[in-house]
Protein chains: 2
Amino acid sequence: MSETTPTETRSNEGRPPERAPRKRVNRREQILRTAADAFAAQGFNNTSLADIAAMLDITPAGVLHHFGSKTDLLTAVLELRDNNDPAPPGSGMLDHLVTTAERNAERPGTTQLYAVLSAESATAGHPAQEWFRERYTVLRQEVEDAVLDRLGPEHREAAGTPGPSGHSPARSAAAAVLAAMDGLQVQWLLDPEAVDMAAVTELVIDAVVARLSTRADTGKSSGEGSQEASGNTEG
Amino acid sequence: MSETTPTETRSNEGRPPERAPRKRVNRREQILRTAADAFAAQGFNNTSLADIAAMLDITPAGVLHHFGSKTDLLTAVLELRDNNDPAPPGSGMLDHLVTTAERNAERPGTTQLYAVLSAESATAGHPAQEWFRERYTVLRQEVEDAVLDRLGPEHREAAGTPGPSGHSPARSAAAAVLAAMDGLQVQWLLDPEAVDMAAVTELVIDAVVARLSTRADTGKSSGEGSQEASGNTEG
DNA sequence: GACTAGTTACTAAATGTTCATTAAGTCAAG
DNA sequence: CTTGACTTAATGAACATTTAGTAACTAGTC
């Protein structure tokens with residue numbers, strides 16, 4: 001894991017600058033991990049290069065030597081994590097999601113990284129905006145496929161057919177599952193005792209899949225009639 | 001600087017000695033609304049008092065005259081919105097949630113405010129952290145009650161009884177619904193075409209409630225045994 | 001194995017912002 | 001004369017980024 005810094009640190013003050021010994025290991029990766037931790041703990045906007053540099057016992061300029069700018073560093077962090085956790089195709093992915101939630105509960109850092117960054121990315125001109133948009137597009141597709149895969153062939157067609165809302169039930173289910181996972185992360189970060197991410201994730205998946213089995217036709221049905229839903233899909 | 005220098009409107013340089021006319025309306029509210037918009041569009045950390053002040057054609061110090069600090073302004077914004085949207089008690093709340101999602105789709109500003117701020121609040125030392133923690137605690141309870149209310153009396157007891165995960169199915173359902181709504185907001189903000197917030201919210205509510213009717217016993221049952229969660233966490 | 005040149009990984013020291021906040025004053029209205 | 005709603009100006013801090021080094025290692029050449 002983190003078998004770093006064999007001898008030297010320059011955390012010692014006062015002394016004439018003592019140079020860290022050259023390591024063969026990719027310093028880049030070390031910085032990336034550190035930056036990920038920092039962004040996770042404080043968000044992107046609220047993390048300074050000085051924060052990250054301090055954790056590494058170097059100067060901000062030292063960080064920028066490896067990554068041209070703070071924004072570059074962010075995108076590198078995101079890409080690193082991306083290729084880290086391959087999802088199995090097919091309906092196995094749904095189980096994988098539960099496992100992921102379980103694992104997330106043991107890795108507050110990574111969890112926070114995505115929870116915080118994804119929402120932050122929805123602000124104007126955020127450097128990670130495009131990255132997250134793309135990510136969700138891909139994930140929705142994958143989860144949709146997984147949902148369809150889990151459904152029996154008899155429901156598959158109906159679940160894959162766009163309803164009045166413009167999206168297929170399977171796609172809505174995919175959005176729902178991903179949304180729930182993200183939202184749970186925020187609740188859990190704020191109050192870890194209050195929610196069991198894995199259990200609730202499983203509940204949502206099971207519930208939504210079951211719903212598609214019984215009522216695969218549902219796109220957006222107004223049920224109890226208590227509200228006046230202006231079923232307008234907006235122009 | 002002659003004594004009579006009657007300086008300025010804000011937006012325009014120089015000329016007409018035109019102080020903003022004294023209005024009776026609460027300037028506080030005006031500032032609050034503006035600040036809400038700004039926080040929504042850019043997040044809290046990324047919004048400066050100068051940004052807000054500029055939108056009002058005053059100086060940053062002018063804003064601080066009404067609110068002692070930026071943090072005070074944030075909490076005031078949150079409290080304003082809080083007392084804005086009363087939820088009906090009982091199972092009617094579930095319909096209210098769908099209606100809220102519908103309304104949110106027409107108010108990107110408010111939606112963004114909460115989506116961005118709630119996630120941002122999960123970072124270390126954020127001023128709104130306690131506020132959101134409290135908010136979720138209250139909302140979970142309210143939605144839990146609403147879910148129990150919607151269930152028939154025969155399922156109510158089982159759904160209200162804590163399972164192996166430590167939380168009752170109804171509470172898990174509540175967390176799920178709220179989480180889904182939050183997560184949907186992020187997806188929607190990033191890509192409005194991609195998700196129908198109201199439709200998916202309704203799907204989740206219906207699915208989860210139905211699930212509790214058929215299997216109110218489920219807390220977190222290993223059940224199908226389809227996944228092996230052990231071992232290997234490394235990719 | 002020493003000499004040199006290139007590369008890597010930094011540092012120190014600006015630079016120019018942007019920011020929240022404070023202090024003290026102005027001006028109009030009640 | 002007091003109060004409310006501001007303003008100008010200053011302060012000090014935090015920041016990302018640039019520039020110009022410098023130390024250590026690497027490789028090639030004699």
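Protein chains get the first letters and strands the later ones, always in sequence-line order, with residue 1 at the start of each.
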In terms of side-chain heavy atoms of [X], which of [options] is nearest?
{"X": "B:His65", "options": "C:dA12, D:dT17, D:dA5", "answer": "D:dA5"}
{"X": "A:Ser48", "options": "D:dC15, D:dG4, C:dA12", "answer": "D:dC15"}
{"X": "B:Lys70", "options": "D:dT17, C:dT21, D:dC6", "answer": "C:dT21"}
{"X": "B:Ala61", "options": "D:dT8, C:dC10, D:dT17", "answer": "D:dT8"}
{"X": "B:Leu49", "options": "C:dT11, C:dA20, D:dT17", "answer": "C:dA20"}
{"X": "B:Pro60", "options": "D:dT8, D:dT17, C:dT21", "answer": "C:dT21"}
{"X": "B:His66", "options": "D:dC6, C:dA20, C:dT11", "answer": "D:dC6"}

Centres of the B:Phe132 and B:His126 rings: under 6.0 Å?
no

For [X] and [N], what is the distance between atoms [atom1] and [atom2] respectively, to the nearest whole Å?
{"X": "B:Arg27", "N": "D:dT7", "atom1": "CZ", "atom2": "C1'", "answer": "13 Å"}
{"X": "B:Asp51", "N": "C:dA20", "atom1": "CG", "atom2": "C1'", "answer": "13 Å"}
{"X": "B:Leu56", "N": "D:dA5", "atom1": "CG", "atom2": "P", "answer": "14 Å"}
{"X": "A:Gln30", "N": "C:dA9", "atom1": "CD", "atom2": "P", "answer": "11 Å"}

Under 4.0 Å between any heavy atoms, over every strand shown, what does B:Thr47 touch: base, sugar-phosphate, or nothing? Just pick one.
sugar-phosphate

Assess, by modelled atom type and distance only, whether the side chains of [X] and [Y] contain a donor and an acceptor separated by less than 3.5 Å.
{"X": "A:Gln30", "Y": "A:Asn26", "answer": "no"}
{"X": "A:Gln112", "Y": "A:Arg107", "answer": "no"}
{"X": "A:Ser48", "Y": "A:Asp51", "answer": "yes"}

